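Structure first, then comments.
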Amino acid sequence: MEKQYDPSIVEDRWYAHWMERNYFRADENSSKQKYSIVIPPPNVTGVLHMGHALNNTLQDILIRHKRMKGFEVMWMPGTDHAGIATQNVVERRLAKENKNRHSLGRETFLKEVWKWKEEYHATITNQLKKLGSSCDWSRERFTMDEGLSLAVRKVFVQLYNEGLIYKGKYIINWCPRCQTALSDEEAEHKEIGSKLYHLRYPYADGSGYVVVATTRPETMLGDAAVAVNPADERYKALKQKKIRLPLANREIPFIEDNFVDREFGTGAVKVTPAHDPNDFGMGQRHNLEPIAVMDETAHMSGDIPEKYKGMDRFACRKALTEDLIALDLVEKIEEHTHSVGHCYRCHTVVEPYYSDQWFVRMKPLAEPALKAAVNDEVRFYPARWKKTYIDWMENIRDWCISRQIWWGHRIPVWYCGCGEIIVSEETPAACPKCLSSKLEQDNDVLDTWFSSWLWPFSTMGWPQENDFMKKFYPTDALATAPEILFFWVARMIMAGYHFTGKLPFTDVILHGTVRDKSGRKMSKSLGNSIDPLEIIPVYGADALRFSMFMITAQGADVFLGKDTFDIGRNFANKLWNASRFLISNIAEPISFDTLPPKERLKAEDSWILSKLQHAARAMDESISSFRFNEACHTIYDFAWREFCDWYLEAKKADFYQQDDLVRRNDALSLCGYALASILKLLHPIMPFITEEIWSHLRSKMSFENLLNSESIMLASYPEYDESLVNESIENKFDLLKNCITALRTIRAENNVPPDKTGTAVIIPADSESGQWLASQSAAISQFAKLSGITVDENARKPGFAGTAVVRGNQIFFSLEGLIDKNVEIERLTKEANRLKGLVESTKKRLESENFVSRAPADVIEKEREKYQGLLVNLEKTGKALSNLMNE
RNA sequence: GGGCGUUUAGCUCAGUUGGUAUAGAGCACCUGCCUUACAAGCAGGUGGUCGUAGGUUCGAAUCCUACAACGCCCACCA
């Protein structure tokens, strides 16, 4: 074994080995209880980033943990075609060659996108493997593969037949750059500093004007009315008047509508039914014809003055405002911040656009999905997301699912010249009504999420009945970022209930966003992202995985810097060296069936076995409740602070016992047992190094029921064993460690060099402590580098010595000429003051009538014991201090 | 406008149901060590009135109220 652990050699080798052995393969015929997860399919738009690393590591931890716990696990991998996003990146690539999708034509363009898909799909798959993801690659799916496309068509037809899909002309969010409709969720609202224009609209009879306020003056060309609140007295007289719309030079009426807020602006609002969702509503209530004045690229068009035709909407805003100013029709322009929708893919300002689109009626689908959350059948981690989910479900609106792009599932609707509309899973040969074969399929494709929402079951072969789905559906956990709670999670739950009658998963784990050290979201455009593939060769996937979860509390954002991964790398290296040390001490391969019998266990053995039980339980609980940072801390502390710092150090002496082979083998086997347990506990988080060490350990040691698994992946996860818990030994060890630390502190504070040994005297507080510490005098000598130690209640204090009091036990360290009296006086004074403070506060509490009469008896008892102990320590420390000063 | 989250050491953050003599890590910093597992390491140390103000309680970082700062989500007042 090398002196430094090098993950780059090890990791790829083990992944290939696991693949070769088919360890990731899920067996639908297994009799074991199943545990299944479907991957949130990464978009094929590009390479994976740290957010994916976080997301997939989380799932891998769960999968590996459950696999070791004896479940038949299935982790379904796959990718998403990501309609608009992928089409955009491919169009951008084409633009560099001065081509565009229209010049290529639909078919050729789609071929280009498929090429892109293949390329990035390969990269993504490779990245997931580098991370160690133990998904069942034999099941891999893509949202546009044949089976999933079939599921999409089936769902569309079913919903249509159920009356839950309809087509209609409405105001929708339109991205003028992508030139497609968007759903409400795809329009991201951002606060924007803007202007509020107060425009004068003259009455048709020339008797004056009314002032209306708008943030988008260019839409005035499409105005169909001016509306006021019916209760607004100010405008009562204007009811009969008409407005002469400036520039457009049309007459428009006054209308009254309760929607209008009397308090805002002037209380009069221009109504543009074709370009504003509220105005559209008013238009419908008052039979106003929507007048479209923009085309699909948000350039001015339609029946408007020549001058503005073809102008970009923002250019027009400027030009038109200037013209109105020239006509003295602008009362004032105010600064105004408001929230404006942006395309979630290209960040262009969304235009409300009047057009013919397909929608899903959501209310009926939401009912069971809402109930599931209210009843806690589906659980959210952290739990606070439940409320967010419920709010959204309660206020759900219809879902616009048609997209005017080419990359995606084509809408399975055909139109016949006779007016017939055919909605069908299969391409119809002829119109059922007029028998014409001249049918035209709807040009639009479906929203990407219309395939994603079926993911948990479409990937399993639905709608075909099959054993695989029977075994693994519904799944168990779903891990994702909160950003797509509505886009995806909520809709999957709705689809799950509607099409399979089942909740598709029970635990929804919402993890945070990956950010840089200054809190900015990591993104390609900001140039602040860290590429997992650059980290892995240097630090290792294990280090990447461990570091990320070590520093991240459940649901909290992850802040990554270039030094973040040191934690995991250092930990891996520590583990490597401890293992190397142990394994190198095994000269001849040793074999044993069980742990040494109880009577052969030494104190430190019982102690580490007891501590191991706590660690095992904590790991299990932390992972099962998705608190991965806790799991990392638990294993880090156990492996490093307890196993390496104390246990292995304590066992060293026994390793060199060439003349007592029983003792030597006990020491090696117990260390091997503890190490193997650590490896198993850690494996879900750091799969590679644990497998590597596991194989080294197995080459030197065989242990029935412990190391019998060829791969650690398939070994059983350590179980909490109460019979090995030993609180009294843990207590004694705390005392021992505190005594050793006290001696070390004296040495360090007095700058005693490590190569100078000294002698110690311990005057124990009682005979029990005395016996225990005396039995550990060899260990104390070793850890504190002593040449001699006396533990005796009747021992005499050494003349001049460094002093400490631990739980009433007086500890003296003496080394001629190396203990600095002033240092010691300072230390002891500080200690005495600290104790005085504690004695005071404890005394106060115990003298308080309220405390003594109201606190539970055990708390009072504990407080009394604490007080007695403090008094003893204070007294002895004080005495040591005065002795020192008098010497 | 509604809702949620965060505020703890110089920095980044843990702290599960209120109670373990001293509120924990990592990094940074200081001191001493290349002690034959590990300098990516070892031993020791400095550093915190737990955002502010009240309240509940025998007891509050933890529960309640108000306030402040920052962040996020949702929302059809142009």
Side-chain angles (χ1 to χ4, degrees), chain A residues 1 3-5 171 189 196 212-216 219 227 259-261 263-265 268-272 276-281 336 338-339 352 382 384-385 387-388 391-392 395 482-483 485-486 513 517 519 539 543 547 550-553 555-557 559 561 563-564 566-567 569-585 621-622 625 627 629-630 633 636-637 644-645 648-649 652 741 744-749 751-755 783-785 807 834-835 838-839 841-842 845 848-856 858-860 862-863 865-867 869-870 873:
Chain A
M1 290 172 79
K3 190 170 174 186
Q4 276 199 356
Y5 175 64
I171 288 271
H189 288 266
L196 189 60
V212 296
T214 180
T215 52
R216 296 188 300 153
T219 64
F259 169 79
V260 179
D261 179 355
E263 308 300 317
F264 190 89
V269 59
K270 60 192 267 317
V271 181
T272 322
D276 184 279
N278 304 309
D279 294 6
F280 179 74
H336 181 68
H338 66 148
S339 178
R384 70 183 120 94
W385 292 106
K387 192 173 152 49
T388 310
D391 286 349
W392 187 79
N395 298 301
E483 288 111 82
L485 184 61
F486 308 139
T513 307
K517 286 276 175 178
Y539 293 86
S547 304
M550 179 87 169
I551 63 166
T552 309
D557 285 349
F559 297 88
D563 57 350
T564 300
D566 289 352
I567 306 168
R569 181 194 56 178
N570 294 357
F571 181 46
N573 197 235
K574 181 73 184 179
L575 204 60
W576 178 255
N577 276 299
S579 308
R580 186 168 62 93
F581 173 54
L582 169 63
I583 291 165
S584 69
N585 268 291
E621 285 177 356
S622 299
S625 54
R627 293 195 296 258
N629 62 325
E630 278 184 13
H633 277 103
Y636 185 91
D637 285 344
C644 290
D645 289 354
L648 213 48
E649 287 298 330
K652 262 181 186 171
T741 301
R744 283 170 164 178
T745 305
I746 295 168
R747 293 185 62 114
E749 295 274 297
N751 277 325
V752 178
D755 57 335
F783 279 93
K785 296 197 188 314
R807 279 201 236 162
R834 188 183 68 87
L835 289 169
L838 284 169
V839 165
S841 65
T842 313
R845 201 168 312 151
S848 150
E849 176 55 31
N850 267 335
F851 177 72
V852 181
S853 62
R854 304 212 189 185
D858 59 319
V859 171
I860 297 172
K862 238 185 226 169
E863 205 64 15
E865 278 172 27
K866 175 177 134 188
Y867 184 64
L870 283 169
N873 274 19

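As the structure is a prediction and not an experimental result, all values here were calculated from the model. In what follows, every chain begins at residue 1, and chains take the letters A, B, ... in the order their sequences are listed.
Within 3.5 Å, no donor on the side chain of A:E649 pairs with an acceptor on the base of B:A43, nor the reverse. At a cut-off of 3.5 angstrom, counting only N and O atoms as typed in the model, there is no donor on one side facing an acceptor on the other between the side-chain of A:K387 and the base of B:C4.
The strand RNA chain B forms stems, runs of 3 or more Watson-Crick or G-U wobble pairs with distances below 3.5 Å, at B:1-7 with B:68-74, B:10-13 with B:24-27, B:29-33 with B:41-45, B:51-55 with B:63-67.
For A:T564, no side-chain nitrogen or oxygen approaches OP1 or OP2 of B:U12 to under 4.0 Å. Look at A:K652 and you'll find a side-chain N or O under 4.0 angstrom from OP1 or OP2 of B:A37. Remark: A:K862 is not in phosphate contact with B:G19, judged by side-chain N or O atoms under 4.0 Å from OP1 or OP2. A:N570 has a side-chain polar atom (N or O) that falls below the 4.0 Å cut-off from OP1 or OP2 of B:G41.
Under the salt bridge (Lys or Arg N to Asp or Glu O under 4.0 Å) criterion, A:E621 pairs with no residue at all, not counting sequence neighbours. A:D645 pairs by the salt bridge (Lys or Arg N to Asp or Glu O under 4.0 Å) definition with A:R641, not counting sequence neighbours.
With a 6.0 Å cutoff to the six-membered ring centre and a 45° limit on the axis angle, A:K574 does not count as a cation-pi contact of A:Y636.
The listed nucleotides are B:A21, B:A37, B:U31; the one nearest the side chain of A:L870 is B:A21.
Nearest-nucleotide mapping onto RNA chain B: of A:D637 and A:V269, the residue sitting toward the 5' end is A:D637.
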